[in-house]
Undergrad: 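If you scroll down you'll find the structure; I have some questions about it.
Numbered from 1 within each chain, the chains take letters A, B, ... in sequence-line order. Both backbone and side-chain heavy atoms feed into the values below; hydrogens, waters and symmetry mates do not.
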Number of protein chains: 2
Amino acid sequence: MIKILVVDDEPQIARALRINLSAHGYEVTTAPDGAQALRAAAGVVPDLVVLDLGLPDMDGTEVITGLRGWTSVPILVLSGRAASAEKIAALDAGADDYVTKPFDIGELLARVRAATRRGNAAGDSPVTEIGGATVNLAVREVKRDGKEVRLTKTEWQLLEVLLRNPGKLVGQRELLHRVWGPNYDRETNYLRQYMAQLRRKLEADPARPVHLLTEPGMGYRFRP
Amino acid sequence: MIKILVVDDEPQIARALRINLSAHGYEVTTAPDGAQALRAAAGVVPDLVVLDLGLPDMDGTEVITGLRGWTSVPILVLSGRAASAEKIAALDAGADDYVTKPFDIGELLARVRAATRRGNAAGDSPVTEIGGATVNLAVREVKRDGKEVRLTKTEWQLLEVLLRNPGKLVGQRELLHRVWGPNYDRETNYLRQYMAQLRRKLEADPARPVHLLTEPGMGYRFRP
DNA sequence: GACCCGGGTGACAGACTTGTCAACGGCGGG
DNA sequence: CCCGCCGTTGACAAGTCTGTCACCCGGGTC
């Protein structure tokens, strides 16, 4: 889910934005001032920041430069001031877009889509490291020492469930259901078989796995 | 030097933009209508397109989708129309920013800076090399040893889906949906048939494909 | 030590998928 | 009308994956 951080000191605007964005499938966090915005961004690492310039504690461009110091997350600025000088300052500070209030909510949503689309296309491919191997779930690719490793469909499905729950113990029953279907409950031999194959292909020392762990009697766990 | 393609049918606006942009160190090309814009973009591969929506030959969004077919170059739209619906349509078609006329030239330049700042994610050419063949998605043309190779409509659609997701595994279900429509789910024989034809026409050794790869049980993948 | 139990490993036959050849019918151009 | 091109379909050998079996290991229990 795409995460958006909304920074606005006016509660009703913040609430309106939260409602509209949530209704369109975004995960919304809000912050009422610049200091909390910077802290929140460092915590959740959003995919987009919607920033109102009229903040009580610091100037809007300071927030922008504060963010730009360590992240290239898209920043969409909202402002009541339509003066060109303001826009130029915000854009040159590192903002990606500038919308003046009052704004049409449909247009804002379209600009949000445009900004997040860029972010995704710009190529953040979530890769996971396992032993000497690199797993890229988005493009279904595993590399080890620069060479490609091929996984079968079943191996991918099993690996995906584990990787999507990093650090969490996934029960045998749940793994069987997710990979083979709801009619499979006790076929733990399938799991042993395919876990062994995954370890052989991914772990540095398949006999002593470090990331794909067995929890005897319960299930398996992926430790990052 | 950053290259900008200005698309505008009004000579005085095009000239004003050219002068202003050139004065700020950009290399400017201009095109007076949509068809020439698409051809010019395929030729010089700009770092930014400034597109006026009021073109004589085709609708503005058509130009946008035409560009988005093969490139993710930033597109900044200029328009006299301030209606939200227009903006939403253009942004959702793939535009990155939308400025209504009359605009402040300083603000436009700031938006140009913002758009080009993040721009340079490389590897964005309209032509793709496959074996001994050269595929130009923009103008729908394949050349091999200097000679033209003809692809049918279905072959183009299939090839396009794969080429637009370089390195990514595309599931057979997804391929069928995108090329034949949502009612096709299990007709994998179509895929086999057309993948074979594409390999015959594009790959150096069709029996041992290097770029158009099969992932058994899952789908196909284009490796650059 | 003998036994049991859950897990890991190698091998293999059957089921499924894939690449390929061949053929059919619709459609437009000459 | 005939012809060539294209999309669709059927059939089948070669190849790949899956489920299953037999067997091993290590730890806990008596």
Undergrad: Specify the residue among Ala207(A) and Asn189(B) whose closest nucleotide of DNA chain C lies further upstream toward the 5′ end.
TA: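 The 5'-side residue here is Ala207(A).
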Undergrad: When you measure from the side chain of Lys153(A), which nucleotide among dC6(D), dG19(C), dT18(D) comes out closest?
TA: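 Taking heavy atoms from C-beta onward, the closest nucleotide is dT18(D).
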Undergrad: Expressed as a whole number of angstroms, how long is the span from Gln172(B):CD to dT17(C):P?
TA: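 Spelled out: CD on Gln172(B) to P on dT17(C) is 8 Å.
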Undergrad: Between Tyr190(A) and Arg150(A), name the one whose nearest nucleotide on DNA chain D is closer to the 5' end.
TA: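 So the residue in question is Arg150(A).
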Undergrad: Listed by chain and number, what are the side-chain contact (heavy atoms from CB on, under 4.5 Å) partners of Glu187(B), not counting sequence neighbours?
TA: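 For Glu187(B) the side-chain contact (heavy atoms from CB on, under 4.5 Å) partners, ignoring immediate neighbours, are Leu176(B), Tyr184(B), Asn189(B), Tyr190(B).
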Undergrad: Does a donor on one side chain and an acceptor on the other come within less than 3.5 Å for His177(A) and Asp185(A)?
TA: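 Yes, Asp185(A) and His177(A) have a side-chain donor paired with an acceptor closer than 3.5 Å.
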Undergrad: Consider the side chain of Pro216(B), meaning its heavy atoms from C-beta on, and name the nucleotide among dC17(D), dG7(C), dG7(D) that approaches it most closely.
TA: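 Closest nucleotide among those given: dC17(D).
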Undergrad: Roughly how many Å is it from OH in Tyr220(A) to C1' in dG6(C), rounded to a whole number?
TA: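 That distance rounds to 9 Å.
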Undergrad: Quick check on DNA chain D: between Trp180(A) and Glu155(B), whose nearest nucleotide comes earlier from the 5' end?
TA: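 Nearest-nucleotide comparison on DNA chain D picks Glu155(B).
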Undergrad: Any side-chain heavy-atom pair from Asp97(B) and Val77(B) closer than 4.5 angstrom?
TA: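 When only atoms from C-beta onward are counted, Val77(B) and Asp97(B) do not touch, as no gap falls below 4.5 Å.
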Undergrad: OH of Tyr194(A) versus P of dG10(C): gap in Å, rounded?
TA: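 So the two atoms are 16 Å apart, to the nearest Å.
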Undergrad: Using whole Å, report how far CD of Gln193(A) lies from P of dA22(D).
TA: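 Value for this atom pair: 15 Å.
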Undergrad: With ring pair (Phe, Tyr, Trp, His ring centres under 6.0 Å) as the test, would you mind laying out the steps for Tyr194(A) and Trp180(A) before giving the verdict?
TA: CA-CA 12 Å; Tyr194(A) 280 97; Trp180(A) 281 271; 5.7 Å; yes
Undergrad: Nearest to the Thr214(A) side chain among dT18(D), dG7(C), dT9(C), which nucleotide is it?
TA: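 In terms of side-chain proximity for Thr214(A), the closest of dT18(D), dG7(C), dT9(C) is dG7(C).
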Undergrad: What integer distance in Å separates Trp156(A):CH2 from dT16(D):P?
TA: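 Rounded to whole Å, this separation is 19 Å.
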Undergrad: Can you spot which of Arg221(A), Arg192(A), Arg199(A) makes a side chain to side chain donor-acceptor pair (under 3.5 Å) with Thr214(A)?
TA: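 It is Arg199(A); the other options fail the test.
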Undergrad: Can you figure out which of dA11(C), dG7(D), dG8(C) approaches the side chain of Arg199(A) most closely?
TA: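 Of dA11(C), dG7(D), dG8(C), dG8(C) is nearest to the side chain of Arg199(A).
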Undergrad: Rounded off to whole Å, could you give me the CD-to-P distance for the Glu187(A) and dC21(D) pair?
TA: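 It works out to 12 Å between those atoms.
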Undergrad: Please report the distance, rounded to the nearest Å, between CD in Gln157(A) and P in dC17(D).
TA: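 Value for this atom pair: 14 Å.
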Undergrad: Whole angstroms only, please: what is the CZ-P distance between Arg192(B) and dA14(D)?
TA: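 Spelled out: CZ on Arg192(B) to P on dA14(D) is 16 Å.
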Undergrad: Under 4.0 Å between a side-chain N/O of Thr152(B) and OP1 or OP2 of dC6(D), yes or no?
TA: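 For dC6(D), OP1/OP2 do not have a side-chain N/O of Thr152(B) under 4.0 Å.
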